[in-house]
Amino acid sequence: MNDSTRQVNPMLPFTRPWIDEDTIEAVVEVLRSGWLASGPKVAQFEQELSSYFGGRPVRTQTSATAGLELALLACGIGKGDEVITPALSFVATANVIVRVGARPVFVDVGLDSRNIDLEQVAAAITPRTRAILPVHFAGLPVDMERLYTLADRQRLRVIEDAAHAIGSAWRGRRIGSFGDLVVFSFHPNKNITTIEGGAISGGSPEELKAIELHRWHGQVKSGPDGFDTLLPGGKYNLSDVAAAVGLGQLRRLEEFNARRRVLVARYFELWGADPPLRLPERGDAGHSWHVFTPLLPLARMRISRRAFIESMKERGIGVGIHYPAIHLFSAYRALGYREGQFPNAERIGRETVTLPLFPAMELHEVERVVRAVNDIVRGA
Ligand SMILES: *Cc1c(COP(=O)(O)O)cnc(C)c1O
């Protein structure tokens, strides 16, 4: 970012995408090419993602929400089925389960990992359970050995919500390069973007077929007119314009994530052994740090989270919230969920704040955030 942008926009946001000039030129080329919807760029993007995930099949969609929904449909999950998922995530993780007609069965998360509690998953399995839908929260991988041992033993399919986790690795193995169906997001807030977009890595040949049918009108090339409709599919295909953005972003992914790790290391270093807020689990080099989400010590503070966020804003620093507990939203209370069922998710939902973290951020800006947080929390 150059100085003129900085003057126009002195506010430090909690995140900001980084689109380079080569990518902008590639988009202009697509716009001039005459082929805008799914075409050669989508094919190339899927191929490059597939190489990135060790040669597994990859199918792109218009969003991770669409990808999760297609993955559930491809697994044949619907009415009467249960899917186990964390009570703390972006609400889309649970919405898709309801949208295909199944019931989301929530379990709690670790207070510092924010990841699904696998002991509680085991306890929540019933004869109706068909799948587990965990989230690699902030890019910290779930314990994949325990997850898949449990799922395989119970013959459950796993749909990983990896919206935060592109570039993450578990014990050196990239998330998306193994496992059942692994769904990524390319929303502008995520580690790489296609503006809107998503992708599924993995799936059996039958599941891939179903994903393709549901993604595009249920159509296949066969029959007397050269095409037939096998099922009433939806329309979730990515455009070539979006794929051109994704190709430019994918080339920068490792660099972006390395930068995120450096910035987070600086937050941890500056706060040292006695941070004024509760820092999230640090993980190892396989953490892709989609968001940096400490908990405010609200019990010791005289101001609310809303007032904290307002004070940060007055100092020119943007703060987000990732996320309120899902089961306390009206739509999920209507399914019978109540306060007190998932104490960690509820506490995180109340206390969490998302501090600035994005590849173009500078180390002195981390220092500025830390000074502001120290002032406000220690003064409150
Ligand atoms: C962003 C996000 C999604 C949805 O991604 P979209 O591409 O915006 O549909 C799903 N799950 C989690 C955990 C997310 O953060």
Side-chain angles (χ1 to χ4, degrees), residues 14-17 42 45 49 58-73 83-100 104 106-107 109-110 113-116 131-142 158-168 175-176 179 181-201 211 214-215 234-239 242-243 245-246 249-250 257 260 280 287-293 320-327 329 331-332 345 348-349 352 354 357-358:
F14 74 81
T15 190
R16 183 197 290 134
V42 168
F45 187 42
L49 284 168
V58 170
R59 296 295 181 274
T60 52
Q61 298 82 36
T62 39
S63 67
T65 306
L68 290 166
E69 204 173 315
L70 293 176
L72 288 162
L73 290 172
V83 177
I84 301 173
T85 198
L88 186 87
S89 180
F90 181 52
V91 70
T93 310
N95 283 351
V96 290
I97 300 170
V98 179
R99 287 177 63 78
V100 300
F106 293 117
V107 297
V109 296
S113 72
R114 318 285 156 84
N115 279 340
I116 194 163
I132 308 171
L133 206 171
V135 180
H136 303 293
F137 198 97
L140 178 72
V142 170
V158 177
I159 298 165
E160 297 172 39
D161 182 338
H164 296 183
I166 193 153
S168 291
I175 295 300
L181 290 139
V182 189
V183 183
F184 296 92
S185 171
F186 307 125
H187 179 274
N189 282 1
K190 302 292 161 43
N191 289 27
I192 58 170
T193 186
T194 60
I195 307 174
E196 297 285 3
I200 304 172
S201 174
I211 288 165
H214 284 288
R215 177 173 68 170
K235 186 165 193 296
Y236 304 113
N237 57 305
L238 200 67
S239 75
V245 178
Q249 290 275 290
L250 189 55
N257 282 353
R260 287 174 178 275
H287 195 328
S288 61
W289 288 108
H290 164 57
V291 280
F292 182 58
T293 54
I321 296 177
H322 296 87
Y323 304 91
I326 297 175
H327 65 289
F329 284 126
Y332 292 92
I348 296 161
T352 190
T354 305
L357 177 66
F358 52 92

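Whatever order the structure lists ligands and atoms in, that order sets their numbers, starting from 1. Values reported hereafter were calculated over all heavy atoms of this structure, with side chains retained and with hydrogens, waters and symmetry mates removed.
- In this structure, the ring of Phe14 has its center less than 6.0 angstrom from the ring center of His322.
- Between atom CD1 of residue Ile166 and atom CG of residue Asn191 there is a gap of 8.0 Å, rounded to the nearest 0.5 Å.
- For His214, the ring pair (Phe, Tyr, Trp, His ring centres under 6.0 Å) criterion is met by no residue, not counting sequence neighbours.
- Partners of Val91 by side-chain contact (heavy atoms from CB on, under 4.5 Å), not counting sequence neighbours, listed by chain and number: Asn95, Ile326, Phe329, Tyr332.
- Judged purely by atom type and a 3.5 angstrom limit, Thr62 has no side-chain atom pairing as donor or acceptor with the backbone of Gly197.
- For ligand 1, the protein residues placed under 4.0 Å by at least one non-hydrogen atom are Ser63, Ala64, Thr65, Ser89, Phe90, Thr93, Val135, Asp161, Ala163, His164, Ser185, His187, Lys190, Gly197, Tyr323.
- Residues passing the ring pair (Phe, Tyr, Trp, His ring centres under 6.0 Å) test with Phe137, sequence neighbours excluded: His164, Tyr323.
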